[in-house]
There are 2 protein chains.
Amino acid sequence: MTLTLIALDRPTPDFAAVFTKNAFPGAPVIVGRNRLAAPALGAILVNNKISNVCAPGGVETAERICGELARQLGLGAAEVLPSSTGVIGWSLPADAMLAALPQAVSSLAAGSVLPAAEGIVTTDLYPKIRSASVGGGRIVGIAKGAGMIEPNMATMLVYLLTDLVVPRATLRTILTRVVDATFNCISIDSDTSTSDTVVALSSGRVPCADLAAFEAALATVCRDLAEDVVRNGEGVRHVMRVQVTQAPSAALARTLGKAIVNAPLFKCAVAGNDPNVGRLVQAIGKHVGAHQPGLDLSQLRASIGGIEIFARGAFQLDPAKENALVAHLKGAELYASAAPKDGVYAPAVDFPPHERCVEIEVALGTGRESATVFGADLTHEYVSENADYRS
Amino acid sequence: MTLTLIALDRPTPDFAAVFTKNAFPGAPVIVGRNRLAAPALGAILVNNKISNVCAPGGVETAERICGELARQLGLGAAEVLPSSTGVIGWSLPADAMLAALPQAVSSLAAGSVLPAAEGIVTTDLYPKIRSASVGGGRIVGIAKGAGMIEPNMATMLVYLLTDLVVPRATLRTILTRVVDATFNCISIDSDTSTSDTVVALSSGRVPCADLAAFEAALATVCRDLAEDVVRNGEGVRHVMRVQVTQAPSAALARTLGKAIVNAPLFKCAVAGNDPNVGRLVQAIGKHVGAHQPGLDLSQLRASIGGIEIFARGAFQLDPAKENALVAHLKGAELYASAAPKDGVYAPAVDFPPHERCVEIEVALGTGRESATVFGADLTHEYVSENADYRS
């Protein structure tokens, strides 16, 4: 287990957090929701390996560790936010964690978030850090997450830090909007973690003259981190960017995008660089048939990699297009699958060689709303990681 | 491609059919819906390999082939029902199929549905036939389906034949009810085919004194076929039977059961004989959090293989239980995974050695409704079959 401590020079009243909507939230999420009413936040303690979800006495254990850390940092007990990720159901090793706190405190260092980004990972292949400069200040964010990722209101452990003055209420409004448009638009495996957490902290050192510019910069950081989370998803070898346009509602645009990136047969086809457009149309038809039956789809147009594959109620394909589609899929592949060792497939690289996506566009032709959703393929590496590894 | 012809001795007015709710139905489904208004049905022509979905002129091609077959059988054109399964988007080879019709007609044989059950398969490992005797008559059913299986109102190509007199309107009412409780309660991969079709034909030879007994027998045949479809699902090595009880609504019971059997991380854990109960609780919490937030889950109890794993808001686990859970999972395994050849995993057997399931019970403690849902694990065999094979 790695303990990661994020501590501010002084506690800030200007913090915001959103948490999972899973009906079995982890103990740190329960504690974190209470912290939203606290006057200020001064530190975040993150552990991996064990997520402290539905374990007997989990909330009490989290509070006990936060209290002791607060004492060592000179903070109030409610000024420490706990965060945990890892196996669901196990209990935290409280005594060992308490014994390790002095080391965590003495290791605090300014200058780089890289150690924190490295400390919070589990099955992640590499640390995820994104930043933006705006109005003389900075926004820096780190994220953890590779599986059990279809966030509903938040995603697995994201910490956003800024020196810009953004008052608490404003920060919370902005964070909710930004998370909804970024982390809530990705899915690796359609599973929603019990620990999803996004926290934003403002140290309030740099005046913020333009809140709209701040929100745009925060959205950029969050969108880039969200893409990083997908790109680093368990077993992911292709990232899909699905743009649904001309939809009758924003909700349908987003849920249809999610339905496409969560359709197992289409995900497998993408993994195999197989432009199986039939499975794409199946996924669209399944979702519309189940959730908006009767919607006129006669004007629907779909393309992959900019190549039109469906229009006027029928596929628009020929051998040249098929070859171009295969080339597009291969061009978006992050790495080729390596032969398994002892029956286990392992990812071949530890950092993505490019940021190209499989580009899918679906224009419904029935409205003006749109959404962009990110997802991933379904690979042997995903099965190897999750059929044997307990996380 | 295999052509399979099911022909009655004489056309019957007493037939029923339900079709996919996918918003992009195949041409045979479009034709089939029109057939429901026809006075009688005399034959069904099934082809595999190409499903005739959204292919230009698909309906016209299906009607042309039906018309020629009707002529050869001495039927009206509207008395032949077309059915197709296979690749979505390709066009049927109409000329080759027309040329093969005389051979199909001359091969008609009484006595066994086995050739028909064998003829309609694609990636199925074995033919699926179930039958029941009731009131001096018989019900025989055959099914095809192994992937793209989460039926919504019907499932992939099921044909039910009976000699009992069941009038058309009654047969349609009964079939809808039975399909809803059987085929609509399974999911292999959450994908809903564009070709799902269930057809029931009554030859009307044996008087049916007890329609309730007929419905019960039809339900047994359909439930057994539905289980067969799951057991034979692409790459399936464990079948899961999820019983959700004490639910506030039948809809929540069923959709929660579906959410459990469709949760990729839990499916992978089952594939690995890993009793990862955290992923089960994640799946429950995700679904309730998204669809019925605020529902009181404090009384929820969950068990696997009859072993209680969750109650009173916390996991109820110890090492002895963990061992028993592993033993239950291994006992339900249909076959062990064999090492891949040239990177491709292939199923090891062609017929299931037993019919045991991973038994999952979730008692919500908030009502009186219940549902039983069948699903399957997620394996390397599934990925191998679908990342490379175009279906």
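Naming convention: chains lettered A, B, ... in sequence-line order (proteins, then strands); numbering from 1 in each chain.
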Margin query: Is B:P264 close to chain A through its backbone or its side chain, or both, or neither, when contacts mean heavy atoms under 4.5 Å?
Written below: both

Note to self: Just so I know, are the side chains of A:L378 and B:L378 near enough to count as touching, which here means a heavy-atom distance under 4.5 Å?
What the structure shows: yes

Item checked: Under 4.5 Å from any heavy atom of chain B - which part of A:T379 -> backbone

Next item on the list: Check side chain to side chain contact (heavy atoms under 4.5 Å, CB included) between B:A62 and all other residues, then give those that pass, not counting sequence neighbours.
Entry: B:V31, B:N52, B:P82

Checklist line | A:A339 versus chain B, the contacting section by heavy-atom distance below 4.5 Å | finding: neither

Check: Going by heavy atoms in the side chains, are A:L265 and B:E234 under 4.5 Å from each other?
Finding: yes

Margin query: Taking side chain as everything from C-beta outward and backbone as N, CA, C, O, which of these in A:P293 sits under 4.5 Å from a heavy atom of chain B? Side chain, backbone, both or neither.
Written below: neither

Margin query: Looking only at heavy atoms and a cut-off of under 4.5 Å, which of A:D377, A:V53, A:V281 has the most pairs with chain B?
Written below: A:V281

Next item on the list: Answer whether the closest heavy-atom distance between the side chains of A:R279 and B:I88 falls below 4.5 Å.
Entry: no

Notebook entry, point to check: Relative to chain A, which of B:G57, B:A271, B:A263 shows the most heavy atom pairs under 4.5 Å?
Noted result: B:A263

Margin query: In the structure I gave you, are the side-chain heavy atoms of A:F24 and B:L300 within less than 4.5 Å of one another anywhere?
Written below: yes

Next item on the list: Under 4.5 Å heavy-atom distance to chain B, tell me which part of A:L295 shows up: side chain, backbone, both or neither.
Entry: neither

Item checked: 4.5 Å side-chain heavy-atom contact, B:S384 and A:H380 -> yes

Checklist line | Between A:G272, A:A23, A:G89, A:A55, the one whose heavy-atom pairs under 4.5 Å with chain B are most numerous | finding: A:A23

Would you give me the side-chain donor-acceptor pairs under 3.5 Å for residues 308-318 of chain A, sequence neighbours excluded?
{"from": "A:E308", "atom 1": "OE2", "to": "A:R301", "atom 2": "NE", "distance (Å)": "3.2"}
{"from": "A:E308", "atom 1": "OE2", "to": "A:R301", "atom 2": "NH2", "distance (Å)": "2.7"}
{"from": "A:R312", "atom 1": "NH2", "to": "A:Q316", "atom 2": "OE1", "distance (Å)": "3.4"}
{"from": "A:Q316", "atom 1": "NE2", "to": "A:A311", "atom 2": "O", "distance (Å)": "2.9"}
{"from": "A:Q316", "atom 1": "NE2", "to": "A:A314", "atom 2": "O", "distance (Å)": "3.2"}
{"from": "A:D318", "atom 1": "OD1", "to": "A:A320", "atom 2": "N", "distance (Å)": "3.0"}
{"from": "A:D318", "atom 1": "OD1", "to": "A:K321", "atom 2": "N", "distance (Å)": "2.7"}

Check: Does the A:N22 side chain pair with the main chain of B:G289, one donor and one acceptor, at a distance under 3.5 Å?
Finding: no

